[in-house]
Amino acid sequence: MNSIIGLTGGIASGKSTASAYIEGRGYPVLDADKFSRKATAKGGPSYPGIIETFGEGILAPDGEIDRQKLGSIIFSDPHRRKVLNGLVHPEIRRMMNEERDRLLKENHVFLDIPLLFENGLDDQCDITLTVYVDELTQKSRLMERNGLSGTEAESRISSQMPLSEKRDRSDCVLDNSGSREDLYEQIEQFLAEIEK
């Protein structure tokens, strides 16, 4: 029987790297961030509510939402982040569920969801899998990747559930503190387990 596997991690944990590798191995991976971009794009179902709530100041010249402008608002204000999530998450869930049900007939399906535990979506999964990295490594990777200061990186990391908590709540953990090859090897072991 095919399984629904919830894949999660924190910002700069390596979740996207794991997700891309799994997809490259032929498994369907439904990325919540891609569904979020569809929901919030100009003409998308969440777009009007976001503009009404946050104002036209978050728009780029082409009328699309400027994700950096919106990000600077929601990462500094937990209440406004919650409001945004209320506008976007129901649409993401609806779109993902439709696609998941279609794909599950033929294969295991991975749900790549950064806020898997925060939104209680782990209860829709047969297995939960967290990509874990220690906080210091996470911070340095985020600073390097996004060109952030230490304070900015800490602010973004602290806006999410700690990776240690996700690790503790997960059925399986991929430790991404080492090399990319180490991560791939752990993924291969996991895939071998679910195919037994």
- Message: Under a 3.5 Å distance rule, please check whether Asn119 uses its side chain to pair with a backbone N or O of Leu121 as donor and acceptor.
- Response: no
- Item | Exam field: side chain Asp66 to backbone Ile58, donor-acceptor pair closer than 3.5 Å | no
- Query: How long is the gap from CD on Glu154 to CE on Met143, to the nearest 0.5 Å?
  - Reply: 8.5 Å
- Item | Residue pair Asp112 / Ser19, side-chain donor-acceptor N/O under 3.5 Å | yes
- Applying the 4.5 Å side-chain criterion to the ILVMFWY set and letting contacts propagate, would Tyr21 and Phe190 be lumped into a single cluster? yes
- Do Leu163 and Glu135 touch side chain to side chain, with heavy atoms closer than 4.5 Å? no
- Query: Sub-3.5 Å donor-acceptor pair from the side chain of Ser177 to the main-chain atoms of Val133, do we have one?
  - Reply: no
- Query: Are any non-hydrogen side-chain atoms of Tyr184 and Arg180 less than 4.5 angstrom apart?
  - Reply: yes
- Message: Check the orientation of Tyr27 and His108. Use parallel for under 30°, tilted for 30 to 60°, and perpendicular for over 60°.
- Response: tilted
- Non-hydrogen side-chain atoms of Asn85 and Glu118 separated by less than 4.5 Å: no
- Would you check if Leu129 and Asp171 make a side-chain contact, meaning some heavy-atom pair closer than 4.5 Å? no
- Query: Ile113 and Ile187: same hydrophobic cluster, using ILVMFWY side-chain contacts below 4.5 Å?
  - Reply: no
- Ile4 reachable from Ile22 in the ILVMFWY side-chain graph, under 4.5 Å edges: no
- Backbone of Ser149 reached by a side-chain donor or acceptor of Glu152 within 3.5 Å: yes
- Task: Report the distance from atom CD of Gln189 to atom SG of Cys172, rounding to the nearest 0.5 Å.
- Result: 11.0 Å
- Task: Locate the shortest heavy-atom distance separating Leu59 from Gly63; write the atom from each residue and the value.
- Result: CD2-O, 3.4 Å
- Query: Which distance, rounded to the nearest 0.5 Å, do you find between the SG of Cys125 and the CG of Asp123?
  - Reply: 8.0 Å
- Query: Rounded to the nearest 0.5 Å, how far apart are CG of Asp77 and OG of Ser159?
  - Reply: 12.0 Å
- Message: If you count heavy atoms of other groups shown closer than 6.0 angstrom to CD of Glu195, is the number above 12?
- Response: yes
- Message: Can a donor-acceptor pair be found, under 3.5 Å and without considering hydrogens, that links the side chain of Ser155 to the backbone of Thr151?
- Response: no
- Query: Is there a side-chain contact between Asn2 and Val109, using heavy atoms and a 4.5 Å cut-off?
  - Reply: no
- Message: Could you report the tightest heavy-atom contact between Leu148 and Arg156, atom names first, then the distance?
- Response: CD1-CD, 4.1 Å
- Message: Which residues pass the salt bridge (Lys or Arg N to Asp or Glu O under 4.0 Å) test with Glu98, not counting sequence neighbours?
- Response: Arg94
- Within the distance-only criterion (no hydrogens, no angle test), does the side chain of Lys166 pair as donor or acceptor with the backbone N or O of Gly9 below 3.5 angstrom? yes
- Message: Can you tell me how far apart CG (Leu30) and CE (Met96) are? Round to the nearest 0.5 Å.
- Response: 5.0 Å
- Task: Please answer whether the main-chain N or O of Ala60 pairs with a side-chain N or O of Lys69 as donor and acceptor at a distance below 3.5 Å.
- Result: no
- Task: Evaluate the side-chain proximity of Ile194 to Ser3: yes if any heavy-atom separation is below 4.5 Å, no if none is.
- Result: no
- Task: Mind listing the closest non-hydrogen atom pair of Ala18 and Leu174 along with its distance?
- Result: CB-CD1, 4.4 Å
- With a 4.5 Å limit on heavy-atom distance, are the side chains of Phe54 and Ile65 in contact? no
- Message: Test of understanding: clusters of I, L, V, M, F, W, Y form through side-chain heavy atoms closer than 4.5 Å, transitively. Do Leu104 and Ile92 belong to the same one?
- Response: yes
- Query: Counting heavy atoms not belonging to Glu185, are there more than 12 under 6.0 Å from its CD?
  - Reply: no
- Message: Using every non-hydrogen atom in the two residues, find where Arg141 and Asn176 come nearest and quote the distance to one decimal.
- Response: NH2-O, 3.0 Å
- Item | Heavy atoms of other groups near Glu144 CD, more than 12 under 6.0 Å | no
- Which pair of heavy atoms, one from Pro90 and one from Gly86, lies closest together, and at what distance? CD-O, 3.4 Å
- Item | Side chain Gln186, main chain Asp175, donor-acceptor under 3.5 Å | yes
- Task: Working to the nearest 0.5 Å, report the span between CG of Leu191 and CZ of Phe110.
- Result: 5.0 Å
- Message: Please tell me whether Ile74 and Leu87 are part of a single hydrophobic cluster in this structure, the criterion being side-chain heavy atoms less than 4.5 Å apart.
- Response: yes
- Message: Taking side chain to side chain donor-acceptor pair (under 3.5 Å) as the cut-off, I'd like each qualifying pair that reaches into residues 52-63, sequence neighbours left out, listed once.
- Response: none
- Taking the side chain as C-beta and beyond, is there a heavy-atom pair between Met1 and Asp126 under 4.5 Å? no
Residues 31-44, side-chain donor-acceptor partners within the protein, below 3.5 Å, at least two apart:
{"unit_1": "Asp31", "atom_1": "OD1", "unit_2": "Asp33", "atom_2": "N", "d": "2.8"}
{"unit_1": "Thr40", "atom_1": "OG1", "unit_2": "Ser36", "atom_2": "O", "d": "2.8"}

- Item | Flag, side chain of Gln138 to backbone of Ile11, donor-acceptor distance under 3.5 Å | yes
